[in-house]
Each structure stands twice: as C-alpha cells, then as structure tokens.
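This report concerns only the one structure given below.
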Amino acid sequence: KLNFLKNLILKKKRLRVLEFGTGLSTLVIAKSLSINKLKFSKKIKYFREENFIIYSIDNNRKFINISKKNINNLKLNKICKLLFSDLEMEVYNGRISSSCKILPNINPDFIFLDGPDSTLIKGNYKNISFADKSFTPIQNDILKMETFLIPGTIILIDGRGNNVRYLKNNLYRNWDYRYIKSTDQHVLELKEAPLGNYNKKIINFYKA
C-alpha cells in the first residue's frame with residue numbers, strides 16, 4: 001500500500017498533499033515530495049502556489065507526536081506540517097457525517113484519506129455516534145473542498161469503502177474512479193478541461 005502511494009506521487013508529479021490521518025504514510029509522502037522537489041523545483045519555479053509540502057491532519061495527539069519525531073529525524077520539517085483537529089458530528093447535504101473542525105489553508109493536488117479516527121469524536125447527533133464501532137467512518141471534508149480543487153487533482157482512499165460510496169454519491173464534478181482490489185485502495189482523479197492558461201501549464205507539467 002505504501003509503495004503504491006509513493007509511486008503515485010512520483011509518477012503523477014504531485015506538489016501539494018493534504019493527508020487525513022498521520023502515520024508511516026506521512027513519512028512516505030514527505031520523502032516522495034522531497035524527491036519531486038529535487039527533480040522539478042526549477043521546472044515549476046514560476047508556479048505561484050506553495051509547492052512540495054504536505055499538511056497532515058489527525059485527532060490523536062499521540063500519533064502526531066510520533067510523526068513529529070520521525071519527521072524531525074529525517075529532516076523533513078520544511079516539507080511536512082502536522083495539524084491537530086478534533087472531529088465533529090454534523091449533517092451535511094442532509095446526511096449525518098463527520099468533519100474536521102479546522103483545515104489547513106491549502107488547495108492540494110493530492111488528497112490521501114486514511115483517518116482521522118472517527119471513534120474519538122466527542123458528542124453525537126441525535127444520539128448517533130461513531131463511537132459505536134458498528135458505524136463505519138463517514139467524513140465529508142473533501143466534499144466541502146471540492147469547489148476549489150483544480151483539474152488534475154487526485155484523491156487516494158485507503159479502504160473506507162462506505163466513505164468512498166458516500167463521496168462518489170455526493171461529488172458533483174467529473175471524477176474518474178478506479179478500485180485496486182489487491183490493496184483495497186480507491187483512486188479518484190478530477191478529469192476536466194483546464195480552468196485557463198495557468199492551469200493548463202500545471203496539467204501539462206503533470207503529463208510531461
């Protein structure tokens with residue numbers, strides 16, 4: 001699974017990553033971005049975004065502290081930013097789901113969904129709570145961000161089949177979807193015409 005994650009970031013020349021749920025994957029992403037930085041920083045020096053960076057969100061301070069120690073040891077601090085956020089229950093588009101209370105100010109070209117832990121959510125909605133392990137994780141943050149995502153954006157989801165169905169049924173833009181059965185991973189890619197000349201340059205960079 002981690003090897004697929006690494007290869008996808010390298011092959012697709014990803015520049016800005018948003019990760020939900022920190023762990024070993026955070027190190028893999030950060031290291032992959034550092035490789036991309038060495039290879040492509042001169043080629044994209046005119047891109048205006050903050051590139052070669054990962055923001056990783058979690059609601060478990062223990063996991064964040066472990067990742068922080070590993071990131072420091074690998075000297076990847078400039079590439080990896082860790083963020084703590086509680087999750088909250090809410091109704092979004094008429095359906096009960098969960099979301100992070102805060103998100104980093106980044107428009108990613110790659111999103112990795114593998115957390116945070118929904119069982120740590122405090123409170124409930126009309127007595128419905130993800131603390132009951134019979135409830136599968138359903139997180140809606142990607143739906144809230146969809147309007148801002150640029151063509152070419154990739155979403156990778158590790159497992160979480162029910163969350164994937166929820167997202168697919170509520171995403172409104174033109175997403176190409178494929179399922180890798182051997183690793184139980186889901187890949188969505190935003191297939192749309194460029195927004196303009198600048199976005200076209202970015203897409204051409206991805207494809208070159």
Side-chain angles (χ1 to χ4, degrees), residues 5 8-9 14-23 25-30 32-33 47-68 71 76-125 130 136-160 162-164 166-173 175 186-190 195 199 202:
L5 171 63
L8 194 59
I9 292 174
R14 297 296 101 173
L15 305 173
R16 302 174 309 282
V17 178
L18 173 59
E19 178 187 40
F20 292 97
T22 190
S25 56
T26 309
L27 305 180
V28 171
I29 294 170
S32 300
L33 288 173
F47 287 7
R48 58 181 177 234
E49 298 85 359
E50 181 184 21
N51 290 307
F52 308 114
I53 190 164
I54 167 181
Y55 282 90
S56 184
I57 306 172
D58 209 298
N59 60 346
N60 189 316
R61 293 191 186 277
K62 177 183 176 180
F63 292 160
I64 289 178
N65 289 334
I66 292 172
S67 289
K68 185 179 293 185
I71 289 296
L76 293 169
N77 311 70
K78 292 183 179 180
I79 289 177
C80 184
K81 309 296 181 183
L82 300 168
L83 179 66
F84 174 85
S85 175
D86 284 318
L87 266 64
E88 57 187 351
M89 301 284 294
E90 64 179 2
V91 171
Y92 183 75
N93 282 352
R95 294 176 174 87
I96 299 174
S97 54
S98 66
S99 66
C100 294
K101 286 190 175 182
I102 58 172
L103 293 169
N105 190 28
I106 182 178
N107 191 4
D109 63 3
F110 189 95
I111 299 173
F112 183 49
L113 178 60
D114 188 30
D117 187 351
S118 60
T119 63
L120 296 180
I121 298 175
K122 299 175 182 178
N124 60 74
Y125 180 82
F130 286 109
T136 59
I138 302 292
Q139 194 167 340
N140 64 43
D141 294 293
I142 292 173
L143 299 179
K144 294 175 178 176
M145 300 175 63
E146 184 184 12
T147 303
F148 299 100
L149 300 177
I150 63 170
T153 298
I154 292 174
I155 301 171
L156 175 63
I157 304 170
D158 193 0
R160 294 186 168 233
N162 207 21
N163 205 157
V164 173
Y166 165 76
L167 292 173
K168 286 177 63 183
N169 288 332
N170 288 275
L171 290 166
Y172 71 92
R173 297 172 70 182
W175 293 90
H186 309 259
V187 181
L188 296 94
E189 186 169 357
L190 187 52
L195 300 174
N199 182 224
I202 296 174

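- Taking every heavy atom of both residues into account, Arg16 and Ile106 meet most closely at CB-CD1, 3.9 Å.
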- Please assess Tyr166 against Asn93 for the test side-chain contact (heavy atoms from CB on, under 4.5 Å), listing each intermediate value before the final yes or no. CA-CA 11 Å; Tyr166 165 76; Asn93 282 352; 5.8 Å; no
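- Taken from CG in Asn170 to CG in Asn140, the straight-line distance is 9.0 Å, to the nearest 0.5 Å.
- In this structure, NZ in Lys78 is found 12.0 Å from CD1 in Ile53, a value given to the nearest 0.5 Å.
- Using a 4.5 Å heavy-atom cutoff, the side chains of Trp175 and Leu149 are in contact.
- Using a 4.5 Å cut-off on side-chain heavy atoms (C-beta onward), Ile96 and Met89 make contact.
- In this structure, CD1 on Ile202 lies 8.5 Å from CG on Asp109, to the nearest 0.5 angstrom.
- Here Ile9 contributes atom CD1 and Leu15 contributes atom CG; the two are 10.5 Å apart, rounded to the nearest 0.5 Å.
- Side chains of Pro108 and Met145 form a contact here, defined as non-hydrogen atoms less than 4.5 Å apart.
- Taking both residues in full, the closest heavy atoms of Phe52 and Leu33 are given as CD2-O, 3.8 Å, listed atom of the first, atom of the second, then distance.
- A salt bridge (charged side-chain N to carboxylate O under 4.0 Å, His left out) with Glu90 is found for one member of Lys144, Arg95, Lys101 and no other, namely Lys144.
- The nearest pair of heavy atoms linking Gly23 to Ser67 is N-OG, 3.7 Å.
- Once rounded to the nearest 0.5 Å, the distance linking CG of Leu188 with CG of Leu167 reads 7.5 Å.
- Under a 3.5 Å cut-off, the side chain of His186 and the backbone N or O of Asp158 do not form any donor-acceptor pair.
- The number of heavy atoms from other shown groups lying within 6.0 Å of NZ (Lys68) does not exceed 12.
- Residue Asn60 comes nearest to Phe84 through the heavy atom pair N-CE1, 4.1 Å, listed as atom of the first residue, atom of the second, then distance.
- In the displayed structure, Phe63 atom CZ is contacted under 6.0 Å by at most 12 heavy atoms of other residues, nucleotides or ligands.
- Annotation for Asn105: atom CG does not count as buried by contact number, only 12 or fewer foreign heavy atoms lying within 6.0 Å.
- Checking side-chain atoms of Asn163 against main-chain N and O of Thr136 turns up no donor-acceptor pair under 3.5 Å.
- With a 4.5 Å cut-off on side-chain heavy atoms, Leu171 and Leu143 count as touching.
- Minimum interatomic distance between Pro151 and Leu195 (heavy atoms only, all atoms of both residues): CD-CG, 3.6 Å.
- Counting heavy atoms from C-beta on, the side chains of Thr153 and Phe148 never come closer than 4.5 Å.
- Checking side-chain atoms of Glu146 against main-chain N and O of Tyr172 turns up a donor-acceptor pair under 3.5 Å.
- With contacts defined as side-chain heavy-atom distances shorter than 4.5 Å, the pair Phe112/Thr26 does not qualify.
- Residues Tyr92 and Ser99 form no side-chain contact, since every pair of their non-hydrogen atoms from C-beta on lies 4.5 Å or further apart.
- Here the shortest heavy-atom pairing between Ser97 and Phe130 reads C-CE1, 4.1 Å.
- Between Ile155 and Leu190, every side-chain heavy-atom pair lies at or beyond the 4.5 Å cut-off.
- The structure places OG1 of Thr22 at 6.0 Å from CG of Asp58, a figure rounded to the nearest 0.5 Å.
- In this structure, a donor-acceptor pair under 3.5 Å is absent between the side chains of Ser118 and Gln139.
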